[in-house]
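The next block holds one structure in the form of structure tokens; read it before the comments.
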Amino acid sequence: MTQQIVERYGDQIFNHAATSEDERLGALTAELDPATFRRLGSLPIQPDWRCLELGAGTGTVARWMSERCPDGGVVATDLDLELVRRNDGDAGVTWTHHDLTRDDFPPGSFDLIHARYLFCHLRGRDQDLARVVRWLVPGGWLVLEEPARFPIEASSHDAYRTTGMGVFTALAERIGTDCDWPRDLAGHMGRAGLIELDTDVAYSMVGGGRPMGRFWELTVEQLAPVLCAIDGITPGMVADTLVRLRDPDFREPGMATVGVTGRRPVAGPPAAA
Ligand SMILES: C[S@@+](CC[C@H](N)C(=O)[O-])C[C@H]1O[C@@H](n2cnc3c(N)ncnc32)[C@H](O)[C@@H]1O
């Protein structure tokens, strides 16, 4: 019997050893960290909270949590901790090799769990979300921030829009990414049993030196051979998109970030569990 090998995030696409991956995720943190820190900072964080950062990437959010919760502690996970090592690893955080789709934590382990730009890449994202909710203590908080593709779909620039939509097609076909799923992030979290859901959407622009532009440029650059194999996308369109993304006069919408804060009910199991 032959076993089918299913490609995951990082197996080939976005592998942390890729030359530009540290810079690509660094650009993402430059774009997103200020809003993430504001969102997390609005919670009633206590020094003894136990926190979990899933899919930590370069680790900036885990380090932020560690400064605020010195008595409780922070566990930060990723499939690959290479970028954490390169970006001042230790910082009082317990860094753990952990595949969210396969590995568990005991129920009720954490007061606060955060993940950013992660669930969109997981094929079984709704089941994974239900498992993560069980890792919260009753009354604990889950904060998710996920990318949505609709602003790129709405761009009037043909090469940029077509190439961008090609990125979503390529990621969906290769690793199962879905950047439509976050449009109803609060709905998914509600069905996983969370209450007190609070949503907002942050828009980004690309072009010139904007961090989201640099993130998208490095994303398109890494995926260029895959994009050029998609019907309707030519090497000229990919090259044009890369030039535009560096152009200070190019101003187009980048991905939106849907952020939702939710809470496990204080009494009983998660509402939907
Ligand atoms: C787009 S990056 C986002 C990094 C970071 N959360 C941020 O926003 O800066 C996705 C991260 O999730 C990690 N990841 C992907 N699938 C994972 C899984 N099944 N379990 C744990 N981490 C995973 C990747 O290795 C990568 O570091």
Side-chain angles (χ1 to χ4, degrees), residues 6-18 20-40 51-65 74-89 93-105 112-129 131-132 135 142-149 167-168 170-172 174-179 181-182 185 202 204 211-212 214-216 218-220 222-223 254-260:
V6 179
E7 185 179 343
R8 291 179 311 171
Y9 185 107
D11 285 344
Q12 294 176 45
I13 288 176
F14 305 144
N15 188 292
H16 283 193
S20 62
E21 193 56 10
D22 197 4
E23 189 187 348
R24 196 180 76 91
L25 293 189
L28 191 67
T29 63
E31 176 77 35
L32 301 178
D33 276 1
T36 296
F37 297 160
R38 275 196 301 279
R39 188 171 285 118
L40 293 175
C51 305
L52 174 65
E53 169 71 355
L54 292 163
T58 57
T60 53
V61 179
R63 284 189 281 275
W64 184 95
M65 286 169 157
V74 178
V75 176
T77 74
D78 208 290
L79 295 174
D80 184 343
L81 298 172
E82 170 58 23
L83 297 184
V84 167
R85 264 191 290 275
R86 273 195 241 162
N87 289 279
D88 184 23
V93 175
T94 304
W95 306 97
T96 310
H97 275 284
H98 182 280
D99 179 347
L100 162 53
T101 65
R102 299 175 191 173
D103 303 324
D104 253 313
F105 287 101
L112 170 62
I113 301 178
H114 172 259
R116 192 171 72 188
Y117 280 44
L118 172 60
F119 279 83
C120 64
H121 296 301
L122 307 178
R123 292 176 195 274
R125 51 192 72 79
D126 284 300
Q127 294 94 304
D128 295 327
L129 178 55
R131 286 174 47 246
V132 168
W135 302 341
L142 177 65
V143 179
L144 297 185
E145 300 172 300
E146 291 292 326
R149 67 181 202 181
V167 169
F168 299 118
L171 294 183
R174 288 282 294 272
I175 57 176
T177 301
D178 183 350
C179 289
W181 182 85
L185 187 53
S204 63
M212 187 55 103
R214 184 68 177 144
F215 170 76
W216 200 243
L218 294 171
T219 301
V220 170
Q222 276 199 33
L223 294 175
M255 288 189 296
T257 301
V258 181
V260 181

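These values consider heavy atoms only, across backbone and side chains, with no hydrogens, waters or symmetry-generated copies. Read the numbers this way: they start at 1 and go in the same order the structure lists the ligands and their atoms. By convention here, the first residue in the shown sequence is residue 1. If you're wondering where the values come from, they're calculated on a predicted model, not measured in any experiment.
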Worksheet item: Could an N or O of ligand 1 be found under 3.5 Å from any N or O of Arg24, whether backbone or side chain?
Response: no
Fill in: Asp80 and ligand 1 - part of the residue with a heavy-atom distance under 4.0 Å
neither
Item to complete: Find all atoms of ligand 1 within a distance of less than 4.0 Å from any non-hydrogen atom belonging to Leu118, and give their numbers and elements.
Response: 12 (O), 14 (N), 15 (C), 16 (N), 17 (C), 23 (C)
Practice prompt. Return the option from Ala62, Gly26, Ala76, Gly55 holding the heavy atom at the smallest distance from atom 6 (N) of ligand 1.
Written response: Gly55
Response to the item:
Filtering Glu146, His16, Glu145, Arg116 for the heavy atom nearest atom 3 (C) of ligand 1 leaves Arg116
Item to complete: Determine, using ring centers only, whether Phe168 and Trp216 are less than 6.0 Å apart.
Response: yes
Discussion item. What I'd like to find out is whether the side chain of Glu21 reaches to under 4.5 Å of the side chain of Gln222, using heavy atoms alone.
Written reply: yes
Worksheet item: Side-chain contact, heavy-atom cut-off 4.5 Å: Ile13 with Leu171?
Response: yes
Discussion item. Is it the case that ligand 1 has an N or O less than 3.5 angstrom from some N or O of Thr29?
Written reply: no
Worksheet item: Roughly how far, to the nearest 0.5 Å, is the CE atom of Met212 from the CD atom of Glu31?
Response: 5.0 Å
Worksheet item: Taking 4.0 angstrom as the limit, do Arg116 and Asp33 come out as a salt bridge?
Response: yes
Discussion item. Can you tell me how the ring of His98 sits relative to the ring of Phe105, calling it parallel under 30°, perpendicular over 60° and tilted otherwise?
Written reply: parallel
Worksheet item: What is the ring orientation for Trp64 with Phe37, classed by angle as parallel under 30°, tilted 30 to 60°, or perpendicular over 60°?
Response: parallel
Discussion item. Can you check which of Leu79, Thr58, Asp78, Ile175 brings a heavy atom nearest to atom 18 (C) of ligand 1?
Written reply: Leu79
Discussion item. Any heavy atom of Arg102 closer to ligand 1 than 4.0 angstrom?
Written reply: no
Practice prompt. Please test Glu82 against His16 for side chain to side chain donor-acceptor pair (under 3.5 Å), starting from the C-alpha separation and ending with a verdict.
Written response: CA-CA 7 Å; Glu82 170 58 23; His16 283 193; over 6 Å; no
Worksheet, complete the sentence: Contact region, His98 to ligand 1, non-hydrogen atoms below 4.0 Å, reads backbone
Worksheet item: Which bit of Leu100 gets closer than 4.0 Å to ligand 1, counting heavy atoms only: side chain, backbone, both or neither?
Response: both
Response to the item:
min-distance protein heavy atom vs atom 2 (S) of ligand 1 -> Tyr9 OH, 3.3 Å
Worksheet item: Asp99 near ligand 1, heavy-atom distance under 4.0 Å?
Response: yes
